[in-house]
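Hydrogens, waters and symmetry mates play no part in the numbers below; they use all other heavy atoms, side chains included.
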Amino acid sequence: MFEALRAYALIAQMWVRASMAYRTSFWLTTIGNAVTTALDFAVIAIMFLHTSALGGFSLPQVAFLYGTSGMTLGLADLAVGSLDQLGQRVRDGSVDTVLVRPAGALAQLSADRFALRRAGRVFQSALVLAWAVSRLHLDWTAGRVLVTLMLLVCGTVIFGSVFVAGGAFQFIATDAAEVQNSVTYGGSTMLQYPPTIYARDLVRGVIYGVPLAFVNWLPAMYVLGLPDTLGLPGWFRFGSPAAALLCASAAALAWRAALRAYRSTGS
């Protein structure tokens, strides 16, 4: 594990140095990413010009969902987002060069083309989250603080696991990047809005299927002091660590199985 993390850090550092060689381009791209993602929240704010609540949630409460969803996806995308292009590397055979190096394949492929500019999403989402917290006027007990921190860590692990599992799937279906993106980026967009506006079957799918509801919907009910409208056991609000552990374990098994089944391009 230590060697894998060390390899990841060295590769990421190399790509950061390369991107900082053109500082103006780097900062323009980073700011551009932040502005682009901010448009999603602008749409939400415009909705609240015509209503005082969306699915029973106020604007600061929706902003809390938006900020936590954007931060967790942004951190996962920053760490392992390069895996969404793994299918291209499988097609051109460059994965073979990774497998013969004395370092873990997952660490190498995750850090490949590490893009620090993706931090723009994280920064913009953090600003929205800070604004939401300032407007909610909650009693920030130790429990609320702990659950919020748990939400950010476990949500990042869950999204990161989806990236890894999607990368493993691309060993088999090399053109499946958009399928992966529909779960990661599409899932993050879905989590920006209250669960009460969605059909119950969809909500069940992100609880018992791909457990994205544990990223922010369920723990947010506790943090925001909202009643449970989904009819779930109370402990589900604190189930993010278990969901993150299950997702990480499933992604690790899928990754190992994909590497064992990989047979190169034949060239």
Search all heavy atoms of [X] against all heavy atoms of [Y] and return the closest pair with its distance.
X    : Y    : answer
F159 : A76  : CB-CB, 3.6 Å
A213 : P219 : O-CD, 4.1 Å
A34  : G120 : CB-O, 3.5 Å
A248 : V157 : CB-CG1, 4.2 Å
M221 : R237 : O-NH1, 3.4 Å
L259 : A105 : CD1-CB, 4.2 Å

Quick check for you: to the nearest 0.5 Å, what is the distance between [X] atom [atom1] and [Y] atom [atom2]?
X    : Y    : atom1 : atom2 : answer
L191 : N216 : CG    : CG    : 5.0 Å
L49  : M47  : CG    : CE    : 11.0 Å
S58  : L136 : OG    : CG    : 6.5 Å
R23  : T30  : CZ    : OG1   : 12.0 Å
I11  : F114 : CD1   : CZ    : 11.5 Å
L127 : F123 : CG    : CZ    : 4.5 Å

Please check: side-chain N/O of [X] versus main-chain N/O of [Y], any donor-acceptor pairing under 3.5 Å?
X    : Y    : result
S240 : F214 : yes
Q192 : Y66  : no
Q108 : A103 : yes
T97  : S94  : yes
S125 : V122 : no
S110 : A107 : no
T196 : G55  : yes
S69  : L65  : no
S188 : T184 : no
T189 : Y185 : yes

Aromatic rings W217 and Y198: how do their planes relate, parallel, tilted or perpendicular, breaks at 30° and 60°?
tilted
Which residue pairs satisfy the salt bridge (charged side-chain N to carboxylate O under 4.0 Å, His left out) criterion with at least one member in residues 103-130, sequence neighbours excluded?
D77-R118, R89-D112
What salt bridge (charged side-chain N to carboxylate O under 4.0 Å, His left out) pairs are there with at least one residue in residues 135-163, not counting sequence neighbours?
none
Taking side chain to side chain contact (heavy atoms under 4.5 Å, CB included) as the criterion, tell me which of V153, I158, T156 meets it with T72.
T156
Indicate, with yes or no, if [Y] and [X] share a hydrophobic cluster defined by side-chain heavy-atom contacts under 4.5 Å among Ile, Leu, Val, Met, Phe, Trp and Tyr.
X    : Y    : result
L212 : I197 : yes
Y208 : V162 : yes
L78  : L151 : no
F169 : L253 : no
M71  : L224 : yes

Can you confirm whether [X] sits close enough to [Y] that some side-chain heavy atom of one is under 4.5 Å from a side-chain heavy atom of the other?
X    : Y    : answer
L116 : W15  : no
F236 : D228 : no
L54  : P194 : yes
F163 : L73  : yes
I44  : L59  : yes
L232 : L218 : yes
V145 : L149 : yes
W255 : L109 : yes

Between T37 and Q124, is there a side-chain donor-acceptor contact under 3.5 Å, judged purely by atom types and distance?
yes
Take V90 and L86 through the test side chain to side chain contact (heavy atoms under 4.5 Å, CB included) and record every step on the way to the result.
CA-CA 6 Å; V90 172; L86 183 55; 4.3 Å; yes
Would one find more than 12 heavy atoms of other residues, nucleotides or ligands at under 6.0 Å from atom CZ of F238?
yes
How about CH2 on W140, more than 12 heavy atoms from neighbouring residues, nucleotides or ligands closer than 6.0 Å, or not?
yes
Decide side chain to side chain contact (heavy atoms under 4.5 Å, CB included) for V128 and F64; before the verdict, give the C-alpha distance in whole Å, the side-chain angles of both, and the deciding distance to 0.1 Å.
CA-CA 7 Å; V128 174; F64 183 87; over 6 Å; no
Rest of the hydrophobic cluster containing L146 (Ile/Leu/Val/Met/Phe/Trp/Tyr, side-chain heavy atoms under 4.5 Å)?
none
